[in-house]
Amino acid sequence: MSNDDKSANNVELENEGRRKFFGKTALIGAGAVAAPMTAAMFTSMAQAQAVEAANSPHVAPGELDEYYGFWSGGHSGEVRIMGVPSMRELMRIPVFNLDNATGYGLTNESKEVLNSEYVTGDCHHPHMSMTDGKYNGKYVFINDKANTRVARIRCDVMKTDKILHIPNVQAIHGLRVQKVPYTKYVICNGEFEVPVVNDGKSGMEDVSTYRSMFNVIDAETMEVAFQVMVDGNLDNTDADFDGKYFASTSYNSEMGMNLGEMISSERDHVVVFSLARCEAAVKAGKFKTYNGNNVPVLDGRKGSELTRYIPVPKSPHGINASPDGKYFVANGKLSPTVSIISIAKLDDIFANKIEPRDAVIAEPELGLGPLHTAFDGRGNAYTTLFLDSQVAKWNVEDAIKAHNGEKINYLRQKVDVHYQPGHNHTSQGESRDADGKWLVVLCKFSKDRFLPTGPLKPENDQLFDISGDEMKLVHDGPTFAEPHDCIMVHRSKIKTKRVWDRNDPMFATTVATAKADGVNLMTDNKVIRKGKNKVTVYMTSIAPTYGLSEFKVKLGDEVTVVITNLDQVEDVTHGFCMTNHGVQMEISAQQTSSITFKANRPGVQWYYCNWFCHALHMEMRGRMLVEA
Ligand code: RUQ
Ligand code: CUA
């Protein structure tokens with residue numbers, strides 16, 4: 001999979017040339033200043049401009065963003081790559097959805113990934129793999145609440161490469177990664193409680209048999225390592241910065257089946273999982289399996305040695321670890337407070353030296369409907385207030401001091417957002433590299449902020465400059481359903497390939513089949529009949545022609561077209577579209593893509609390239625001759 005000459009840090013490479021270019025214009029600018037300037041004057045002016053530029057959301061045409069944003073595409077089932085701070089949408093990555101442009105969900109290669117009866121999904125939480133608490137640029141993971149799945153995106157090519165359907169649970173919601181020492185595990189919550197054996201034969205009426213489970217997934221193999229059964233159901237989750245604990249918010253500890261029942265008790269809890277104890281229990285065989293699969297299910301219900309239940313005000317929602325590794329902040333939702341949990345005290349809770357509630361060291365009141373909290377790396381936290389349509393900036397240490405009786409104001413600022421915010425996220429704020437530059441607030445409603453688009457309106461992602469003492473709103477960004485959550489990763493962390501590596505595992509199966517067929521994908525253009533009704537058509541492409549300008553099949557044949565794009569030039573992507581057959585796909589430089597369809601229309605059927613590739617792109621076409 002490694003092909004170093006083709007994998008390059010695009011941004012830094014391109015900046016080499018850019019720096020020279022901009023260096024020249026800067027000189028011209030300096031020459032145009034009428035009065036002579038001293039060196040000191042020039043330096044201080046340049047410094048002022050540099051500071052100004054660092055805080056400006058304006059990214060001029062041709063300039064590159066400083067951050068990659070990975071945005072959940074909500075119930076569109078995709079992930080979007082945004083440039084931050086420009087908030088320009090750079091790319092869409094189909095994950096759980098059918099994507100016509102690239103043929104994701106249509107090609108044989110993508111069907112290996114999206115091996116599923118569904119082409120719907122509900123993405124909420126995109127999170128990047130980490131090493132030592134910092135983004136490592138390798139993978140982005142995302143949940144599918146709709147169909148109980150977790151997907152992995154490879155960041156070297158920005159394509160989905162694995163999707164896992166998780167057994168024994170329903171609706172994967174909160175998702176995060178292990179941060180330290182590295183992302184060995186992806187953690188996620190099964191939100192909806194269901195009978196443990198959910199076969200419809202028994203237990204459906206008896207709510208006491210319903211369970212929710214915490215899921216621990218091996219990040220490399222993308223298999224479930226183990227599950228932990230809990231009391232109550234689970235909502236959001238996060239990991240510490242020590243590699244020891246995971247924590248999930250839990251609402252509906254009552255196990256109610258309707259709204260009234262779900263919010264009847266005054267307290268719910270945060271469930272803390274000890275990774276070492278869970279791993280030891282799996283090793284010792286202290287688990288059960290259910291529903292005919294072999295996933296180890298541990299019992300982490302109240303009283304178990306694997307978990308601790310920290311009482312917090314009822315129906316908490318988001319949970320966020322502070323980048324200094326000291327605290328989990330559980331967001332109150334129905335309570336106007338957040339609960340600050342001291343991670344240093346978790347050892348004592350597990351050793352039964354203190355009560356679980358003793359780990360809650362402050363519960364600052366922030367406003368109505370706190371959902372999620374982000375951090376700037378300077379000791380401040382930013383909490384969305386859904387009901388107040390505001391973000392509250394507050395200081396964590398001051399909140400703890402106030403809780404201990406000091407007369408001190410922990411609230412720094414409240415700003416109005418437009419409107420009803422869910423998640424908010426700071427640049428690199430969930431990692432040790434939290435840099436406190438930008439805050440994005442994902443507002444669920446845009447109402448009057450954009451031109452009206454009929455009854456359905458976009459959401460509004462608002463960008464705030466948080467580099468100074470005050471949060472400053474600098475951009476409104478309309479988005480389509482529905483960016484629940486996002487992350488912002490510095491561009492220096494990500495290295496993408498410029499063209500495909502011929503050994504890429506994404507099309508390895510197709511390459512192996514070609515080899516078995518005696519075909520050299522880089523040179524051969526061949527039609528191979530396989531049995532009575534099956535035909536494989538191998539061809540190359542190089543702008544502006546296909547290797548075959550015609551091929552012949554019989555009516556009713558199952559046709560597989562395999563195309564290898566010989567172009568070496570970055571950004572020269574071809575397409576393959578067979579008219580009137582619902583067949584369409586992307587073939588980027590050095591990629592092999594294939595698609596299978598029924599030749600169910602007699603006569604001449606044109607195929608054409610649908611990614612604009614050349615001045616003679618319109619002429620890049622050929623005929624499939626279908627004999628009746
Ligand atoms: S949850 S609005 Cu799906 Cu991330 Cu909180
Ligand atoms: Cu090839 Cu357009």
Side-chain angles (χ1 to χ4, degrees), residues 70-75 101 121-127 141-146 171-176 188-192 233-238 248-251 315-320 329-334 338 369-374 383-387 389 391 417 419-425 430 440-445 459 461 481-487 539-549 563-567 569 571-577 584-589 591 593 606-622:
F70 292 90
W71 253 239
S72 150
H75 40 294
D122 184 13
C123 299
H124 287 224
H125 303 111
H127 291 285
F141 300 90
I142 183 123
N143 71 303
D144 169 19
K145 178 166 169 175
I172 294 295
H173 186 226
L175 175 149
R176 290 290 180 122
C188 57
N189 291 328
E191 182 175 347
F192 300 154
N233 64 350
L234 296 171
D235 194 0
N236 278 290
T237 188
D238 204 353
S248 294
T249 47
S250 168
Y251 69 95
S315 297
H317 183 58
I319 184 157
N320 306 88
V329 172
N331 299 264
K333 191 168 78 180
L334 298 187
V338 295
L371 289 185
H372 294 277
T373 296
T383 301
T384 50
L385 303 171
F386 181 81
L387 297 173
S389 269
V391 168
V417 295
Y419 301 88
Q420 263 79 35
H423 279 262
N424 65 359
H425 213 284
E430 63 177 26
V440 166
V441 183
L442 305 173
C443 300
K444 303 289 188 189
F445 296 83
E459 277 96 59
D461 297 351
E482 175 192 340
H484 288 256
D485 191 14
C486 67
I487 55 171
M539 65 172 108
T540 56
S541 70
I542 189 156
T545 52
Y546 291 115
L548 291 175
S549 58
I563 301 183
T564 300
N565 184 355
L566 303 185
D567 274 298
V569 184
D571 209 3
V572 177
T573 293
H574 297 293
F576 178 80
C577 171
Q584 188 158 298
M585 65 181 178
E586 161 208 1
I587 319 117
S588 279
Q591 187 178 15
S593 306
W606 281 96
Y607 50 91
Y608 71 99
C609 173
N610 55 4
W611 284 84
F612 208 106
C613 55
H614 193 273
L616 295 173
H617 159 79
M618 301 305 290
E619 287 81 354
M620 187 167 174
R621 54 188 171 115

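Along the sequence shown, the residues carry numbers beginning at 1. Computed from heavy atoms alone, side chains included, the values below leave out hydrogens, waters and symmetry copies. Whatever order the structure lists them in is the order used to number ligands and atoms, beginning at 1. Everything quoted here is computed from the prediction, not taken from an experiment.
- For ligand 1, the atoms lying closer than 4.0 Å to a non-hydrogen atom of H484 are 3 (Cu).
- To the nearest 0.5 Å, the span separating OG on S389 from CZ on F445 amounts to 9.0 Å.
- The shortest separation from a heavy atom of N236 to ligand 1 is under 4.0 Å, placing the residue in contact.
- The shortest distance between side-chain heavy atoms of D122 and H484 falls below 4.5 Å.
- In this structure the side chain of C609 reaches within 4.5 angstrom of the side chain of H617, judged on heavy atoms.
- If you check which protein heavy atom lies closest to atom 1 (S) of ligand 1, you get H317 NE2, 3.1 Å.
- Within the 4.0 Å heavy-atom criterion, the part of H372 lying near ligand 1 is the side chain and not the backbone.
- Comparing E191, H124, K444, H423 against atom 4 (Cu) of ligand 1, the shortest heavy-atom distance belongs to H423.
- For the residue pair H124 and N143, the shortest heavy atom distance occurs at N-OD1, 2.9 Å.
- Atoms of ligand 1 found under 4.0 Å from any heavy atom of H173, numbered from 1 in the order shown, are 1 (S), 3 (Cu).
- Rounding to the nearest 10°, we obtain 120° for the angle at atom 2 (Cu) of ligand 2 between C613 SG and H617 ND1.
- A side-chain hydrogen bond (donor to acceptor under 3.5 Å, both in side chains) with H173 is found for one member of N189, N233, D235 and no other, namely D235.
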inquiry  = side chain to side chain contact (heavy atoms under 4.5 Å, CB included) for N565 and F576? Distances and angles first, verdict last.
reply    = CA-CA 11 Å; N565 184 355; F576 178 80; over 6 Å; no

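- The distance between the ring centers of H372 and H317 falls below 6.0 angstrom.
- Look at C609 and atom 2 (Cu) of ligand 2: an N/O/S atom of the residue is under 2.8 Å from the metal.
- At least one N, O or S atom of W611, from either the backbone or the side chain, sits less than 2.8 Å from atom 2 (Cu) of ligand 2.
- Distances below 4.0 Å separate heavy atoms of H125 from the following atoms of ligand 1: 1 (S), 3 (Cu), 4 (Cu).
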